[in-house]
K.L.:
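Starting off with a structure, shown below.
Keep in mind that this is a model prediction, so the values were computed, not measured.
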Amino acid sequence: MAEKKVALSSISLIFACGTALFSDGYANNVIGAVNTLLERIYGTGSGGITTNYSTTLSSVAFAGTVVGMLTFGYLSDKAGRKFGMMSATGIVAIFSGLSAASSGANHSLDGMLAMLIACRFLLGIGVGAEYPCGSVAASEQSEEEGIAKNSQHRWLVLATNTMIDVGFVIGAFVPLVLYWIFGDNHLRAVWRLSLGLGVVPAVAVFFWRLRMEEPNRYKRDSMKHVRIPYRLIIKRYWRGLFGISLVWFIYDFITYPFGLYSSTVTNAVTGGNSSLTVVFGWSVVINLFYIPGTVVGAFFVDLLGPKVTIITGLLAQAVIGFIMSGLYTQLSQHIGAFAVVYGIFLSFGEFGPGNCLGVLGAKSGPTAVRGQYYGFAAAVGKIGAFIGTWVFPIIVTDFGGSSSPKGNTGPFWVGSGLAILSAIVVYFFVTPLDHDGMKKEDAKFREYLEANGFDVSLMGLPEIETVSYAEGQEISSAIKDTDSETKV
């Protein structure tokens with residue numbers, strides 16, 4: 001009974017750290033429906049919602065996310081995981097509410113859009129902060145007492161990437177429900193409430209985290225009170241960081257535009273059906289395919305390991321993408337078949353890179369700079385997403401436009417080719433990750449620093465007196481004091 005309580009407590013802490021990533025999925029996906037609603041309300045072209053406004057609104061949160069990832073990556077390592085997590089949820093709550101309340105001077109459309117875009121950027125900072133703070137803390141909790149070795153990666157995935165995907169689904173479902181409630185005559189209420197409801201999960205997680213402490217691994221091995229030796233760190237970890245960052249860039253370049261433009265894709269397939277129920281409904285169906293991919297993948301990642309799982313998912317996604325491109329004409333005549341195949345394409349993306357990039361990014365580096373390591377890799381990924389949202393319409397246009405079969409299949413040809421390239425990069429640049437990998441890596445990192453003349457006795461927080469390593473080595477504060485006296 002006591003062991004079960006410890007296990008449940010440990011799992012609860014993992015979810016408390018990672019669950020706020022739900023806000024990432026929700027915020028990034030709901031804006032696709034909001035864009036559609038704004039175009040219906042204010043029209044398109046001159047005097048309405050221009051293409052530049054629409055694309056900026058979809059992509060500006062990614063720019064804020066990059067700023068949040070890089071800034072809070074440093075703060076996560078230097079100010080602490082909890083400080084970063086609490087700040088992140090506060091920012092998300094505030095600017096979700098302000099996004100919903102967007103208004104311009106004299107109720108001008110341009111002013112309202114400018115405020116909405118500004119709030120989306122600032123909201124993105126909070127969302128970005130969750131990655132190097134919440135995800136990193138969740139990864140450190142996943143190797144704590146009570147978590148079975150053969151389920152460490154699983155719980156981390158379920159608490160982070162699965163939460164993002166649940167956010168995707170809810171972000172597609174909420175506008176549909178609100179549309180059912182308010183109807184065509186009150187679309188302003190639909191888009192404002194769709195954005196405003198993002199406050200609810202952020203506030204809930206904020207209170208959930210209030211009584212949390214810093215993860216034990218951070219207490220033991222952080223460099224909060226010592227200068228970080230970046231030259232030594234880059235020399236040891238650049239190769240793995242390069243591989244993970246590049247794959248993350250390519251994956252987000254493919255995935256986020258497809259998610260954001262799912263309404264556009266389904267609109268084309270349904271023959272331009274003007275019913276928002278049809279467009280939003282199919283968007284929900286497609287986004288639901290993220291869930292089986294991430295959940296099934298969570299159970300395979302411990303069995304196969306993150307490296308093998310990510311390669312498997314990428315190659316499977318490439319195959320499905322090529323099938324969609326080759327059979328688009330036939331599939332577009334059967335909406336159900338199109339949705340299923342398109343959904344499987346997205347599902348394999350979550351099975352592999354969606355789940356495993358977070359695990360690799362959080363567990364491949366040392367605790368001392370884990371926030372910055374993860375934040376940098378994830379930021380590169382979000383830059384891919386930002387570029388993808390701008391390039392996606394250009395790809396469609398260059399292939400013949402959304403009204404032509406080639407215009408709609410072009411992105412799948414490109415996406416499938418990039419998935420194969422990603423698999424190759426993972427194979428050559430990413431190191432396999434074992435269970436208890438962080439404990440082992442932190443021990444090796446200390447040895448590496450000592451061999452290069454760094455005083456490792458300065459690492460960790462002052463209140464921690466004993467540090468245990470996987471090899472069974474015990475380093476106590478008393479021994480540190482004795483060593484210091486001997487050196488003097």
K.L.:
Under 3.5 Å, side chain of Ser422 to main-chain N/O of Leu418, donor-acceptor pair present?
P.N.:
yes
K.L.:
ring-ring contact (aromatic ring centres under 6.0 Å, His included) with Phe300: which residues, sequence neighbours excluded?
P.N.:
Phe351
K.L.:
State whether the side chain of Thr160 and the backbone N or O of Gly18 hold a donor-acceptor pair below 3.5 Å, judged by distance alone.
P.N.:
no
K.L.:
Arg120 side chain to Ser99 main-chain N or O, any donor-acceptor pair under 3.5 Å?
P.N.:
no
K.L.:
Should we say atom OH of Tyr230 is surrounded by more than 12 heavy atoms from elsewhere, each under 6.0 Å from it?
P.N.:
yes
K.L.:
Counting only N and O atoms by type, is there a donor-acceptor contact under 3.5 Å from the side chain of Asp252 to the main-chain atoms of Gly384?
P.N.:
no
K.L.:
Where the side chain of Ser245 meets the backbone of Val380, is there a donor-acceptor pair that is under 3.5 Å apart?
P.N.:
no
K.L.:
Find out whether Pro215 and Glu144 are in side-chain contact, i.e. whether some heavy atom of one side chain is under 4.5 Å from a heavy atom of the other.
P.N.:
no
K.L.:
So, Asp165 side chain and Ile291 main chain: donor-acceptor pair closer than 3.5 Å or not?
P.N.:
no
K.L.:
Any salt bridge (charged side-chain N to carboxylate O under 4.0 Å, His left out) pairs touching residues 180-203, not counting sequence neighbours?
P.N.:
none
K.L.:
May I ask you to decide if Gly32's main-chain N or O and Thr36's side chain share a donor-acceptor pair within less than 3.5 Å?
P.N.:
yes
K.L.:
Report yes if the side chains of Phe253 and Val391 come closer than 4.5 Å at any heavy-atom pair, otherwise no.
P.N.:
yes
K.L.:
Start with the C-alpha gap between Glu130 and Arg209, add the side-chain angles, then the distance that decides, and say whether salt bridge (charged side-chain N to carboxylate O under 4.0 Å, His left out) holds.
P.N.:
CA-CA 13 Å; Glu130 282 294 343; Arg209 289 172 167 176; 2.9 Å; yes
K.L.:
Is there side-chain contact between Ser364 and Tyr237, with heavy atoms separated by less than 4.5 Å?
P.N.:
no
K.L.:
Please confirm whether the backbone N or O of Thr367 pairs with a side-chain atom of Asp442, one donor and one acceptor, at under 3.5 Å?
P.N.:
yes
K.L.:
Take atom CZ in Phe348; do more than 12 heavy atoms of anything else shown fall under 6.0 Å from it?
P.N.:
no
K.L.:
Should Arg217 and Glu441 count as an ion pair when the cut-off is N to O under 4.0 Å?
P.N.:
no
K.L.:
So does Ala298 get a backbone contact from the side chain of Arg154, meaning a donor-acceptor N/O pair under 3.5 Å?
P.N.:
no
K.L.:
Is it true that a side-chain atom of Ser347 and a backbone atom of Ile344 form a donor plus acceptor pair closer than 3.5 Å?
P.N.:
no
K.L.:
Would Phe280 and Trp180 count as a close aromatic pair, with their ring centres under 6.0 Å?
P.N.:
no
K.L.:
Quick one: sort the Phe22 and Tyr26 rings into parallel, tilted or perpendicular, breaks at 30° and 60°.
P.N.:
parallel
K.L.:
Gln372 versus Ile233: any side-chain heavy-atom pair under 4.5 Å?
P.N.:
no
